[in-house]
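On a predicted model such as this, the values are computed, not experimentally measured, just so you know.
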Amino acid sequence: MNRWEGLEEFVAVVECASFSRAAERLRVSSSHVSRQVALLEERLQARLLYRTTRKVSLTEAGQTFFARCQRLIEERDEAFLAITDLHRAPTGLLRMTAAVAYGERFIVPIVNAFMVQYPQLRVEIELTNRVMDLVHEGFDLAIRLGRLENSSLVASRIAPRALYLCAAPAYLERYGRPHSLSELAGHNCLIGTGDTWPFRQDGREHLFKPAGNWRCNSGQAVLDAALRGLGLCQLPDYYVLDPLRRGELVSLLEANQPPDTAVWAVSPQRRYPLPKVRLLVEALKAGLAGLPEYQPGRDT
């Protein structure tokens, strides 16, 4: 027996909320759709749908099965589209995740512009600072910042990311300017999400554990505290380049600035890469490159 039998009919019934409308979509008879769904339930030994004369709804088992079947069918169809080069108009559902602040500021606007171009695509975006398991949690794409850990994910660099150690002039006037990494321990550090700050020393990475009387998991909040002269901060370029250029912050220990990291688009490995993911990654790369924060010559 073909293990695909019944899957397309089942998904169509759920999406159309009707056996008859599903039959019209698939261009088959209602009896064929009903028979295939019944055989599928028999094969699974589980009831997938509640049926009444007016309504079709999912059982608990049906809800679990539907989500997986829907994605299987979409990915099957996209594999065919990739071969026939019809993927210029991506369709189906694309689930992605990104860090909250970076996603709100940079990623979501580009995705929204992409959706205007491809309105037949459906996108779900989860903004979270938790590192999601893309495979087990069903995500097609994640935007990650910094350095990637070794994994089986496919990674594409979509933008640079440099870290700056900074402080406001008022803080430096009061507490002095550090001239070496060894002097950082004597300063109040504004701590963000990371427990260590990376630097470069003698050609190698050096990790410093900051200490201070202030901590918040928001980069924008760290920036605000630094601008008010509360301490030293280490933040990515897109937070601090404008305040540095205006003289509201001062760049410190530039000789020890860590090597540039990056902004990455990562996705699960697939035998057939999804065209909708590839096209969105290309749009993100082009969109970020066009933003003022990533223009050449914006260094200090």
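- Considering all non-hydrogen atoms of both residues, L227 and P243 come closest at CD2-CB, 4.1 Å.
- Side chains of N213 and N188: a donor-acceptor N/O pair is present below 3.5 angstrom, by distance only.
- Aromatic ring pairs are classed by plane angle as parallel below 30°, tilted from 30° to 60° and perpendicular above 60°; the pair F106 and Y238 is perpendicular.
- Note on R51 versus E41: salt bridge recorded, some NZ/NE/NH1/NH2 to OD/OE distance being below 4.0 Å.
- By the rule that hydrophobic residues join a cluster once side-chain heavy atoms approach within less than 4.5 Å of another member, Y164 and F208 end up as members of separate clusters.
- Between R130 and E137, at least one side-chain N (NZ, or NE/NH1/NH2) sits under 4.0 Å from a carboxylate O, which counts as a salt bridge.
- The aromatic rings of F65 and F10 sit tilted relative to each other, their planes meeting at an angle between 30° and 60°.
- Grouping the Ile, Leu, Val, Met, Phe, Trp and Tyr side chains by contacts below 4.5 angstrom, directly or via other members, places L165 apart from Y239.
- Side-chain atoms of T91 never come within 3.5 Å of backbone atoms of Q120 as a donor-acceptor pair (strictly under, hydrogens ignored).
- Closest of all the heavy-atom pairs between L280 and M96 is CD2-SD, 3.9 Å.
- Between the CH2 atom in W197 and the CG atom in L181 there is a gap of 11.5 Å [rounded to 0.5 Å].
- With hydrogens and angles ignored, the 3.5 Å screen pairs a side-chain donor or acceptor of Q257 with a backbone N or O of L163.
- Within the 3.5 Å criterion, the main-chain N or O of Y50 finds no donor-acceptor partner in the side chain of K55.
- Looking at E15 and Q70, their side chains do bring a donor and an acceptor atom within 3.5 Å of each other.
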